[in-house]
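The basis for the numbers below is simple: all heavy atoms, side chains too, and nothing from hydrogens, waters or symmetry mates.
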Amino acid sequence: MMEETIYGVVTRVTYYSDESHFGVVRIKLDYKDKELAKYRDKLFSNLLTVTCNFDRRPLPDEEYDFTGEFVTNQYGIQFKARSFFRRNANTFEGIIAFLSSDLFPGIGKVAATRVYESLGKDALTLIERNPEIIDEVPGLNAKQKETLKTNITALEQQKRQLVNLLDLGITMNTALKLIKVLGDNAFEIIQKNPYSLIDLVEGFGFRRADRIAMELGIPKDSEIRLTALTFYLLRESCFRSGNVYLEYDELFNQVINEINREENIVFLDDFENILKKLVINKKIILDEEKNIYLYRLYFSENLLAQKVNEFLNRENNNGYNIKEIENLIKKIQEKDGILYTGKQKEAIISALLESLVIITGGPGTGKSTIIKAIIEALIELAPSEMISEKIALLAPTGRAAKRLNEVCRFPAQTIHRFLGYEGQGIFKFGPEAKTDAKIVIVDEFSMVDLNLAARLFSSLETDVKVILVGDVDQLPSVEPGEVLADLISSQEIKTIRLDQIHRQSEDSSIISLAHSVNQGLIEESILQKQADRSFIRLEDQQIIPGLLKTVEQAMLKGMDLIKDIQVLVPLYKGEVGINAINQKMQDQFNPGAGREIKHLTRVFRVNDKVIQLVNRSEKMVMNGDIGYILSLNSEDGEYFGLTVMFDFGPVDYKLDELEDLAHAYAISIHKSQGSEYELVILPFSYKYYVMLKRKLIYTGITRAKKYLVMLGNLDAFRFGIRDVEIKRKTKLAEKIRTSFNTVFDSEFEDLGMMENLSPYDFMD
C-alpha cells in the first residue's frame, strides 16, 4: 500500500506508553489546506485517530506531520503512522504548551512564558546546550530551574539520538527500541561499534548490523567487521545445529563464503589473526584438535564432565541394602496394585543405591510409574527425616512439570524455577551458591541442553543423589548439546533401559507404531484405520482442508481445541507450514467479530490459542507455555495490550510485547516436547524434507495420548523414517571417560557471569 503524509493538530492524547513510546492521538485536519481537502469525502469528518511511535508523550495543540497509511478496523478509518515530524516546536504556542505540560511538574504557563520571553524561540536548544542559562530567567524558583535543566536536557538528547538513528535508515520503531535498550547514548554506542547490536538487541543479525556499519563508513575489511562476522557465524551455527563446537575448516569456509562474495577480503592469515584475538579475549576456545568452541559451551562441557566424575567417584553410603529395598518394593506393589517388571525393579533399586543413575525408555515402558515408586520408597526409607522436603522433582518445561505432578502426586517444578532463574541469564543457584536438595529427579532429560545441565549439576552438593529419566530416542535439546545421549554413551553411569511395554499400553497402536518407527520400520497396517490412529493419504493441496475437517470432527465429538487437540508440524514456512496452517485454523475456528489486534503479520483475537516464545521469569511464563487469549485490553476505544490465560493463571502483554507470542493451533514438534495431547494431528509432505528425520517423527507420534491422525504423503513419512539425524558434535562422553578434571579460574566459575558476557565487549 502506498504511503501518504497528513498534517494536523493534536486535540486529545488517547493513549501513550512511556515504556514502548507507542501512542494513540486524535488530530484535527484543516481542510482549507489543499493537500488535506482530498480526504474530506473519505473521512466524513475533520477528526482522525492516529497511531504512532513517538519520541515522547505528545501534547494537545502540538502540530504534527505523519507519514504512513490509512487502515480500517472496528473503530472505522484510522491512520497508522510510520514516522512523524513535530512542526511547532519553536513557536511561542509550541514552547508554552510543551513547558507547561506534565513533562515539567511545577512549571505552569506563567513560568513557561517567562522562559520564552527571556530566551526566545531557541530556548530549548539554548538550555540543552548550556543548562545554566536557565539561571538568567527571572521569576523562577530553584525547584523550577532544576526541573527545566534536567528534563529539557534529557528530552532534547533523546530527540537528537532519534534523529541520528533515523538518518542511518533505521525505522522509528527500531530506533525507539534501540534507545530503550541502549539508553540515551544509543547513537554513540552504535557509531562506535554497530556490530554490538547483534548481541545487545533482539532481532539483529550480522547483515542488519552490517548495513548500519556500511552507512557509518566502516571499511569492508576492518578487523571489527571480520571479527564480528566470525563470532556471529560460530554462535549461529552452534545454536542452529545443536553442535557444541565447529571444526576449524568448517568455520573458515563459512566465513569466506559470507564475506568473499563480491571480492576476496579474508584469507587464511586473516582468519588465524581473528581467532587469536577471540581466544585472547576468552570468547572462543581452540582445543588440541583445533575444534572451535564458544567459550561458554567449552566451559559448560568441561564443568559438566567434572561434576559427573565427582558424583561417580564419591563414596556412596546411604545405609540401604538390597534386601530391605526388595521388601519395600513388594510393599509398594501391594499398596498401588501394580506388578513391576524385572527392569523396573532394577531401575528402582539402582535409583536408591547409586549416586547417579539414568533410566531411559520409550513410550508405555513406565518411566513415570518408576519415578512415583522411587519417591514413595525414599519417603518410606526415611520417614522421620522429612526427606520429602529434600526431594526436587524437576522437568524442563512447565507443561512437563504439571504432568509429572499429576502422575506422581508429588510437587514438581521446572529446572529454571529450581535454579532461581531471574531473567537475562541470571540464576540464583550455581557453582557459588548450592541448592539444599538431597535427591534430584529430572524427567524428560533428553530436552536438557549442555548449558542448563552444567548449571544444574554445578548447583548440587556432591552428596546429592541424582536420578535422570528420559527417552534417549527422542529429539535432543533445541540448544547445543546432546547431554542424555552423551551421558549414556560414556558407559560410566549406571543406565537402565526399560524395553517392555506396560500391560495397559499393549493395546495402544500409537505406542507400537512409535517403537516401530524408532527401529526404522513401517508397520504393514500403517494405512489401516485403528481405534486410536489413522493415516489419511492426501496430496499437498489437500492437507490443510483435510486437517481442518479432522479438527472439526474432533470438536463435534467434544474435544477442546485449546486443551485436547494439537497439530504438530516440522516446518514454519511454506504453503503447508506452521504459519499457513495457523492462519487457516484461526480463520475457520476463531474468525472473530471485528475485534482484533494486528501485530506485524499476525492478528490476535479473543480465544486464540497462543504459545510463549521466550522465557520471561518476571512474568513467570516460559518458552513453550500454551494458553488462550482471555481479553483484548483497551482504553478510550484503543487497544494497548491483551491478556493470555495459561495453566497457572493470566499474564498481561503490552503491544510492544506481542513479539513474545505466536499462534499455537499448530506448533513445531520441538515445541511439543514434554507435553501430551489427547489428539495429535501430524501432516506429512516432501515440502518438510529438510526437517523430516526419524527422531522428529518418533517424538511427534509419542506426543499423542489417546488419538493420532497422520495425513498427507506416505512416501514422505517413509523418507523421514529412513533419514536418521546426524550425531551432534560434542566431546562430553569422551571427557567423562577420560576422567576429565580441570580446575577452572575462579574468575569464570560463575555461570551467571558467562550468561551475561557480551561477545562484543572486546571490540573497543
Engineer: Should we count CG of Leu268 as having more than 12 external heavy atoms under 6.0 Å?
Structural biologist: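 Yes, because the 6.0 Å sphere around CG of Leu268 holds more than 12 heavy atoms from other groups.
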Engineer: For residues Pro480 and Asn451, determine if any side-chain heavy atom of one lies less than 4.5 Å from a side-chain heavy atom of the other.
Structural biologist: no
Engineer: Would you call Asp660 and Lys619 a salt bridge, using N to O less than 4.0 angstrom?
Structural biologist: no
Engineer: Are more than 12 heavy atoms, taken from residues, nucleotides or ligands other than Arg417, located less than 6.0 Å from that residue's CZ atom?
Structural biologist: no
Engineer: Can you list every salt bridge (charged side-chain N to carboxylate O under 4.0 Å, His left out) pair that touches residues 478-496, not counting sequence neighbours?
Structural biologist: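 Of all non-adjacent pairs touching residues 478-496, those that pass salt bridge (charged side-chain N to carboxylate O under 4.0 Å, His left out) are Glu346-Lys494, Glu482-Lys695, Glu482-Lys727, Asp486-Lys727.
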Engineer: Taking only Lys NZ, Arg NE, NH1 and NH2, and the carboxylate oxygens of Asp or Glu, determine whether Glu223 and Lys277 approach each other closer than 4.0 Å.
Structural biologist: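 A salt bridge is present here (some side-chain N lies under 4.0 Å from a carboxylate O).
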Engineer: Are Lys731 and Tyr245 in a cation-pi setup, meaning NZ or CZ lies under 6.0 angstrom from the ring centre and within 45 degrees of the ring axis?
Structural biologist: yes
Engineer: Would you please test Leu487 and Ile736 for side-chain contact (heavy atoms from CB on, under 4.5 Å) and show each step?
Structural biologist: CA-CA 8 Å; Leu487 294 178; Ile736 292 171; 3.6 Å; yes
Engineer: Can you tell me if Thr699 uses its side chain to pair, donor with acceptor, with the backbone of Leu475 under 3.5 Å?
Structural biologist: yes
Engineer: Classify the side-chain pair Tyr248/Glu289 by whether it contains a donor and acceptor separated by less than 3.5 Å.
Structural biologist: no
Engineer: Donor-acceptor pair, distance only, cut-off 3.5 Å: does the side chain of Arg455 make one with the backbone of Leu450?
Structural biologist: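 Not a single qualifying donor-acceptor pair exists.
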Engineer: Closer than 3.5 angstrom, by distance alone: can the side chain of Asp199 be matched with the main-chain N or O of Ser196 as a donor-acceptor pair?
Structural biologist: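 The answer is no, because no donor-acceptor pair under 3.5 Å joins these two groups.
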Engineer: For Asn260, give me all partners under side-chain contact (heavy atoms from CB on, under 4.5 Å), at least two apart in sequence or on another chain.
Structural biologist: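 Applying side-chain contact (heavy atoms from CB on, under 4.5 Å) to Asn260 gives Ile256, Asn264, Ile265, Val266.
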Engineer: With a cut-off of 6.0 Å (strictly less than), are more than 12 heavy atoms of other residues, nucleotides or ligands near NZ of Lys428?
Structural biologist: no
Engineer: Can you tell me if Glu657 uses its side chain to pair, donor with acceptor, with the backbone of Lys654 under 3.5 Å?
Structural biologist: yes
Engineer: Is it true that, when you exclude Gln491 itself, more than 12 heavy atoms of the residues, nucleotides or ligands shown sit nearer than 6.0 Å to its CD?
Structural biologist: no
Engineer: Kindly indicate whether the side chain of Val569, heavy atoms from C-beta on, has any atom under 4.5 Å from the side chain of Ile669.
Structural biologist: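 Val569 does not reach Ile669 side chain to side chain.
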Engineer: Mark yes or no for whether Asp449, through its side chain, and Gly481, through its backbone, hold a donor-acceptor pair below 3.5 Å.
Structural biologist: no
Engineer: Against the six-membered ring of Tyr232, is Arg235 placed for a cation-pi contact (under 6.0 Å from the centre, within 45° of the normal)?
Structural biologist: no
Engineer: Going through the checks in order, is the salt bridge (charged side-chain N to carboxylate O under 4.0 Å, His left out) test met by Arg399 and Glu444?
Structural biologist: CA-CA 11 Å; Arg399 293 175 72 86; Glu444 298 284 359; over 6 Å; no
Engineer: Answer yes when Glu272 and Lys290 have at least one side-chain N-carboxylate O distance shorter than 4.0 Å, and no when they do not.
Structural biologist: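 Yes.
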Engineer: Going by heavy atoms in the side chains, are Tyr421 and Leu452 under 4.5 Å from each other?
Structural biologist: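 Not touching, per the 4.5 Å side-chain cut-off.
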Engineer: Donor-acceptor pair, distance only, cut-off 3.5 Å: does the side chain of Asn253 make one with the backbone of Asp249?
Structural biologist: yes
Engineer: Do Lys283 and Tyr298 meet the cation-pi criteria used here (NZ or CZ under 6.0 Å from the six-membered ring centre, within 45° of the axis)?
Structural biologist: no
Engineer: Using modelled atom types and a 3.5 Å cut-off, is there a donor and acceptor pairing between side-chain atoms of Thr227 and backbone atoms of Ile224?
Structural biologist: no
Engineer: Does the Asn193 side chain pair with the main chain of Ile189, one donor and one acceptor, at a distance under 3.5 Å?
Structural biologist: no
Engineer: Look only at the side chain of Asn582 and the backbone of Ala666, and say whether a donor-acceptor pair between them is shorter than 3.5 Å.
Structural biologist: yes
Engineer: Test of understanding: with side-chain contact (heavy atoms from CB on, under 4.5 Å), list the residues that count as partners of Glu288, not counting sequence neighbours.
Structural biologist: none
Engineer: Between Asp723 and Arg694, is the salt bridge (charged side-chain N to carboxylate O under 4.0 Å, His left out) condition met? List the steps.
Structural biologist: CA-CA 6 Å; Asp723 204 0; Arg694 184 182 299 174; over 6 Å; no
Engineer: State which residues pass side-chain hydrogen bond (donor to acceptor under 3.5 Å, both in side chains) with Arg314; sequence neighbours excluded, sorted by chain then number.
Structural biologist: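 Counting only residues at least two positions away or on another chain, Arg314 forms no side-chain hydrogen bond (donor to acceptor under 3.5 Å, both in side chains).
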Engineer: Check the side chains of Asn518 and Asp473 for a donor-acceptor pair under 3.5 angstrom, ignoring hydrogens and angles.
Structural biologist: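 Note: Asp473 and Asn518 side chains meet the donor-acceptor criterion.
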Engineer: Using the test ring-ring contact (aromatic ring centres under 6.0 Å, His included), find all partners of Phe457 that sit at least two apart in sequence or belong to another chain.
Structural biologist: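 Partners of Phe457 under the ring-ring contact (aromatic ring centres under 6.0 Å, His included) test: Phe311.
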Engineer: Indicate the atoms forming the closest heavy-atom contact of Met214 with Tyr195, along with that distance.
Structural biologist: CE-OH, 4.0 Å
Engineer: Salt bridge check: are Glu310 and Lys307 linked by an N-O gap of less than 4.0 Å?
Structural biologist: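 Lys307 and Glu310: salt-bridged.
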Engineer: For the residue pair Lys735 / Asn302, report whether a side-chain donor-acceptor contact shorter than 3.5 Å exists.
Structural biologist: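 Their side chains do contain a donor-acceptor pair, which is all the 3.5 Å distance test asks for.
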Engineer: Once ring-ring contact (aromatic ring centres under 6.0 Å, His included) is applied, do any residues pair with Tyr686, and if so which ones, sequence neighbours excluded?
Structural biologist: Phe719
Engineer: Can a donor-acceptor pair be found, under 3.5 Å and without considering hydrogens, that links the side chain of Ser672 to the backbone of His670?
Structural biologist: no
Engineer: Where do Arg602 and Glu659 land on the salt bridge (charged side-chain N to carboxylate O under 4.0 Å, His left out) test, with the steps shown first?
Structural biologist: CA-CA 10 Å; Arg602 295 168 298 186; Glu659 60 194 32; over 6 Å; no
